[in-house]
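None of these values were measured; they are calculated from a predicted model. Chain identifiers are assigned alphabetically (A, B, ...) following the order of the sequence lines, protein sequences preceding nucleic acid strands; residue numbering begins at 1 within each chain.
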There are 2 protein chains.
Amino acid sequence: MLEQTTREQIVRAADGLFYRHGYEHTSFADIAAAVAISRGNFYHHFKTKDAILDAVISVRLAQTREMLDRWELDGTTPEARIRSFIDILIANRADIKRYGCPVGTLCSELAKLGHPSRPEANRLFTLFRVWLARQLTLLGCGGDADPLAMHLLAMSQGVATLASAFKDDAFIAAEVERIHLWLTHQLKPRRRR
Amino acid sequence: MLEQTTREQIVRAADGLFYRHGYEHTSFADIAAAVAISRGNFYHHFKTKDAILDAVISVRLAQTREMLDRWELDGTTPEARIRSFIDILIANRADIKRYGCPVGTLCSELAKLGHPSRPEANRLFTLFRVWLARQLTLLGCGGDADPLAMHLLAMSQGVATLASAFKDDAFIAAEVERIHLWLTHQLKPRRRR
DNA sequence: GACCGACTAGGACAACTGTCCTAATCGTCG
DNA sequence: CGACGATTAGGACAGTTGTCCTAGTCGGTC
């Protein structure tokens with residue numbers, strides 16, 4: 001952890017810059033400056049800008065899988081795990097207010113650029129989608145699990161977009177509470193049947 | 001309508017390109033090529049790229065006001081007007097699947113660029129926000145009108161983001177139905193009190 | 001000590017960016 | 001007709017972009 005290879009440093013710096021400034025608005029020079037290496041050295045590790053993007057996406061995919069696994073272990077019930085997902089809006093609210101959701105904004109940008117790595121970025125969404133659907137299936141949602149997972153994803157994306165536009169903490173808190181309530185209402189009737 | 005000034009043509013072309021390819025990814029050359037004029041002529045109408053963006057935003061603001069006014073006239077009840085808003089997700093689904101919401105994606109991009117016109121772009125959101133809040137107030141939502149308006153905006157933004165990522169018509173239809181249902185449930189208890 | 005691959009620095013390269021200038025053309029009005 | 005402002009074309013300009021090359025340094029292996 002203390003010692004990082006140059007390649008890891010590059011990916012980490014690019015990850016942050018892509019999130020904060022966007023993929024296209026981040027140049028080779030920006031990343032090289034952030035890591036304090038020369039552009040020549042840079043080229044030795046990554047031949048093209050797209051290659052860096054691919055590396056960043058694959059790191060994000062790995063980190064997301066880790067996070068979902070952690071929630072799987074820490075949450076005693078599927079319901080608690082889903083609530084972990086909902087609460088990232090609170091935990092990351094400072095960054096979300098400034099730069100939006102890292103997944104949503106990246107996918108949106110790559111869509112507009114018509115970038116070949118777009119499908120790879122979308123897998124970040126799919127990761128959350130199937131994980132949420134699995135938790136919902138465990139709760140007995142059956143065939144509705146996937147639509148409900150998509151609905152949860154959509155709500156969190158919407159909150160992130162508006163939180164970034166209006167920079168409103170109270171709005172985030174209110175929406176998160178609303179989503180928690182929605183989940184409660186969604187589950188209660190199923191238990192009684 | 002048949003005869004357009006060069007300036008209007010430029011703004012219209014820039015509007016479309018900013019939506020489809022993003023602001024930063026659209027160059028002077030792209031816009032000039034779309035209107036089939038020289039870059040020199042271009043400069044005669046707009047001194048800077050930011051000036052074009054400002055013109056595009058102000059046109060979008062005007063068009064949005066027009067649309068809201070039309071809904072105001074066409075919708076016999078506040079409820080019907082709100083449902084007009086919800087249904088734009090259906091009406092514009094083809095573009096939304098490809099490029100996302102014109103308002104949300106522009107605001108997100110300008111946020112990452114730290115662009116000075118960001119507040120102006122956010123006014124697009126505010127237009128919808130206060131309009132929805134007014135309709136909800138008319139329905140007797142009182143102090144909850146603004147939070148409910150924000151919730152409606154958030155849901156539509158979330159649907160647009162995921163629709164663009166997954167390109168799924170059925171998802172859009174299901175979410176729109178869900179939002180309509182939410183509105184119904186939101187209003188019924190208030191009428192009885 | 002000789003050697004070799006991994007790593008690094010610095011800069012070259014053409015293409016493109018937004019910006020700006022100059023000269024020519026156009027339609028309109030006196 | 002002559003004059004004038006609005007419009008247009010074409011290109012110059014410096015700066016930046018992603019890409020690539022060459023030369024040098026370093027650490028470890030025969």
Side-chain angles (χ1 to χ4, degrees), chain A residues 2-59 106 109-110 112-118 120-121, chain B residues 2-59 106 109-110 112-118 120-121:
Chain A
L2 293 171
E3 296 274 340
Q4 275 186 118
T5 67
T6 305
R7 195 194 148 92
E8 284 167 347
Q9 284 184 301
I10 291 174
V11 173
R12 218 164 65 97
D15 188 11
L17 286 167
F18 289 171
Y19 176 39
R20 295 196 301 275
H21 303 334
Y23 171 67
E24 180 144 56
H25 194 237
T26 301
S27 69
F28 269 52
D30 292 334
I31 305 173
V35 189
I37 61 171
S38 68
R39 295 200 312 289
N41 185 4
F42 200 107
Y43 180 70
H44 176 259
H45 294 281
F46 292 98
K47 298 297 175 192
T48 69
K49 197 180 176 186
D50 292 356
I52 310 173
L53 177 61
D54 286 338
V56 167
I57 292 176
S58 92
V59 163
L106 179 66
E109 183 178 2
L110 297 187
K112 300 224 175 196
L113 302 184
H115 197 282
S117 294
R118 194 168 99 85
E120 202 60 17
Chain B
L2 292 172
E3 296 275 340
Q4 277 187 117
T5 67
T6 305
R7 195 193 147 93
E8 284 168 345
Q9 284 184 301
I10 292 173
V11 173
R12 219 165 63 97
D15 188 11
L17 286 168
F18 289 172
Y19 176 39
R20 296 197 300 277
H21 302 335
Y23 171 67
E24 178 145 58
H25 194 238
T26 301
S27 69
F28 269 51
D30 292 334
I31 306 173
V35 190
I37 60 171
S38 67
R39 293 201 314 287
N41 185 4
F42 200 108
Y43 180 71
H44 176 258
H45 294 281
F46 292 98
K47 300 296 176 193
T48 68
K49 197 180 176 186
D50 292 355
I52 311 173
L53 177 61
D54 286 338
V56 167
I57 292 176
S58 93
V59 163
L106 179 66
E109 183 178 2
L110 296 187
K112 299 223 175 198
L113 302 184
H115 197 282
S117 294
R118 195 168 98 84
E120 203 60 16

Residue whose closest nucleotide on DNA chain D lies nearer the 5' end, A:Gly40 versus A:His25: A:His25
5' precedence on DNA chain D between B:Ile37 and A:Tyr43 (nearest-nucleotide basis): B:Ile37
Return the value, rounded to whole Å, for the distance between atom [atom1] of [X] and atom [atom2] of [N].
X: B:Tyr23; N: C:dG18; atom1: OH; atom2: P; answer: 8 Å
X: B:Phe42; N: C:dT17; atom1: CZ; atom2: C1'; answer: 13 Å
X: B:Leu113; N: C:dT17; atom1: CG; atom2: C1'; answer: 15 Å
X: B:His44; N: C:dC26; atom1: NE2; atom2: C1'; answer: 12 Å
X: B:Leu53; N: C:dT17; atom1: CG; atom2: P; answer: 17 Å

A side-chain contact here means heavy atoms from C-beta on lying under 4.5 Å apart; do A:Lys112 and B:Tyr19 qualify? yes
Under 4.5 Å between any side-chain heavy atoms of B:Leu53 and B:Thr48, yes or no? no
Just the endpoints, please: which first and last nucleotides of DNA chain D, 5' to 3', lie under 4.0 Å from a heavy atom of chain B? D:dT7 to D:dA12
Evaluate the side-chain hydrogen bond (donor to acceptor under 3.5 Å, both in side chains) criterion for residues A:Ser38 and A:Asn41: first the C-alpha distance (whole Å), next the side-chain angles of each, then the deciding distance (0.1 Å), finally the verdict. CA-CA 5 Å; A:Ser38 68; A:Asn41 185 4; 5.2 Å; no
For a quick test of reading the model: is some side-chain N or O of A:Thr6 closer than 4.0 Å to OP1 or OP2 of C:dT8? yes
Checking A:Ile52, A:Val11, A:Asp15 against A:Ile31 for side-chain contact (heavy atoms from CB on, under 4.5 Å), the one that qualifies is A:Ile52
Do you know which two heavy atoms are closest between B:His115 and B:Tyr23, and how far apart they sit? NE2-OH, 3.6 Å
Interatomic distance, B:His21 atom NE2 to A:Glu24 atom CD [nearest 0.5 angstrom]: 11.0 Å
Ignoring the backbone of A:Ser38, work out which of C:dT19, C:dA6, C:dA9 is nearest its side chain. C:dA9
